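Notes follow once the structure below has been shown.
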Amino acid sequence: MQNNCLVTGAAGFIGSHLVDALLARGASVTGIDNMKLGRRENLAPALPNPGFKFFEADLNDLAACGKIISDQTKSAPFTAAWHLAANSDIRAGVADSDVDFRDTFLTTYNLLKLMRAHKIPRLAFASTSAIYGDLKKKLTEGIGPLFPISNYGAMKLASEAAISAAAESFLERAWIFRFPNVVGSRATHGAIFDFIHKLKKNPAELEVLGDGTQEKPYFHVADLIDAMLFITDNAKDKLNFFNIGTIDTVTTVRYLAETTVRYAQPTAKIRYTGGNRGWVGDVPKVNYSVEKLKKLGWAPRLTSNQAVDRAVTEIVAENS
Ligand SMILES: NC(=O)c1ccc[n+]([C@@H]2O[C@H](COP(=O)([O-])OP(=O)(O)OC[C@H]3O[C@@H](n4cnc5c(N)ncnc54)[C@H](O)[C@@H]3O)[C@@H](O)[C@H]2O)c1
């Protein structure tokens, strides 16, 4: 699986950590990113590695990406593609649904076309817990019907559907990972990232949307990469789909805000705007099952609060 890989969204937060992990396993990696949200500094450890090639290109430019793939596969074909390119700015997708259509769905559709044309047999895909919408039940992988409440979730669910059809027709194997909120160094977005940047602008006060009681599982990127590699090594169905997350632990927004303030700006006051929802499309409470992944034999090292503690120190250090 890991011999010669294509990674989309390679300069992003999770993609760049995945690139490092694949290179550490001895794989050759070709990264593609349009640099809309990606950052070249995320690739600093990978760029000097002779096993890594990076191309700034948009996955919606089929001709450009097709040329990159055929140039890179002259000597050896790609054994797998890891598709992480997407619009990760949920609020941008709420404001303009074209953003998620283009960057979250069409990137998947186009990558599948490219994989068929260039005979790339395996696909690992970064999906999301947002596909479940606001179901008031334990979120197991088989639950339904699924009605996402954000364009982002809708376009990820549509991507899963397109991958399922491709698995039936030409893919040898596919893995769908449904991530929770992932945190850690190189973050390009997310609540901790936003809090730290808000505190830079106003060191006296941190404004927090909602009343602080919303809770979610947060997951550290190091655990996430470990889980993705474990799943691709061990899950051998044609179409594999897994929730990835912490086991029965969640973090409140209050804990997130207080931890960020403690490390980033201990003198700042926290002001909550009130209400139980942060923004349109945000799911206030989630009850996420990771039983299937546990049964496969993988468990995370960090609880949700430990993941937050580690991520806050990493992001504060990067931004100081
Ligand atoms: N971070 C999380 O908490 C989280 C949660 C669930 C799912 N995910 C998924 O994981 C993946 C990685 O997320 P991330 O947090 O690293 O976000 P990110 O924004 O840091 O990375 C996504 C990358 O994709 C690139 N990209 C976007 N549109 C593109 C296009 N048309 N062509 C080429 N590149 C394009 C961006 O420039 C960016 O570098 C995404 O698919 C995201 O939806 C992330």
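Just so it is clear, the structure is predicted and the values come from calculations on it, not from any experiment. For ligands, and for the atoms within them, numbers begin at 1 and follow the listed sequence.
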What are the atoms of ligand 1, with element, lying closer than 4.0 Å to any heavy atom of [X]?
X	result
Thr128	6 (C), 7 (C)
Gly12	20 (O), 21 (O), 39 (O)
Asn60	31 (N)
Val182	1 (N), 2 (C), 3 (O)
Ser88	17 (O), 18 (P), 19 (O)
Thr188	18 (P), 19 (O), 20 (O)
Gly38	36 (C), 37 (O), 38 (C), 39 (O)
Lys156	40 (C), 41 (O), 42 (C), 43 (O)

Purely on distance, is any nitrogen or oxygen of [X] under 3.5 Å from one on ligand 1?
X	answer
Ile32	no
Asn34	yes
Asp103	yes
Leu84	yes

Is the closest side-chain heavy-atom distance between [X] and [Y] below 4.5 Å?
X	Y	value
Phe242	Arg178	no
Val208	Phe195	yes
Ser164	Leu239	yes

### Query
Of Lys238, Arg116, Lys236, Arg122, which meets salt bridge (Lys or Arg N to Asp or Glu O under 4.0 Å) against Glu172?
Arg122
### Message
Glu205 and salt bridge (Lys or Arg N to Asp or Glu O under 4.0 Å): which single residue from Lys269, Arg271, Lys198 fits?
### Response
Arg271
Tell me the protein heavy atom at minimum distance from [atom], and give that distance in Å.
atom	value
atom 27 (C) of ligand 1	Ala86 O, 3.2 Å
atom 6 (C) of ligand 1	Phe179 CB, 3.4 Å
atom 39 (O) of ligand 1	Asp33 OD2, 2.6 Å
atom 24 (O) of ligand 1	Ala85 CA, 3.3 Å

### Query
Is it true that the NZ or CZ of Lys67 lies under 6.0 Å from the centre of Phe55's six-membered ring and within 45 degrees of the ring axis?
no
Does some non-hydrogen atom of [X] fall short of 4.0 Å from ligand 1?
X	result
Asn181	yes
Tyr152	yes
Arg39	no

[X] and [Y]: side chain donor to acceptor below 3.5 Å:
X	Y	answer
Asp309	Tyr255	yes
Thr303	Asn305	no
Glu160	Ser127	yes
Ser159	Thr108	yes

### Ala11 to Asn42 - nearest heavy-atom pair and separation
O-ND2, 2.9 Å
### Query
Nearest heavy-atom pair of Leu139 and Asn243: which atoms, and what distance?
O-ND2, 2.8 Å
### Query
Just wondering, are more than 12 heavy atoms of other shown residues or ligands nearer than 6.0 Å to OH in Tyr109?
no
### Task
Indicate, with yes or no, if Leu199 and Leu209 share a hydrophobic cluster defined by side-chain heavy-atom contacts under 4.5 Å among Ile, Leu, Val, Met, Phe, Trp and Tyr.
no
### Task
Between Ile14, Leu59, Asn110, flag the one that comes closest to atom 32 (N) of ligand 1 by a heavy atom.
Leu59
What part of [X], side chain from CB on, backbone N/CA/C/O, both or neither, has a heavy atom under 4.0 Å from ligand 1?
X	answer
His189	side chain
Thr107	side chain
Ser127	backbone
Leu37	both
Arg102	neither
Pro180	backbone
Ala187	neither

### Query
Ion pair present between Asp20 and Arg186, side-chain N to carboxylate O less than 4.0 angstrom?
yes
### Query
Is Arg102 salt-bridged to Asp100, cutoff N-O under 4.0 Å?
no
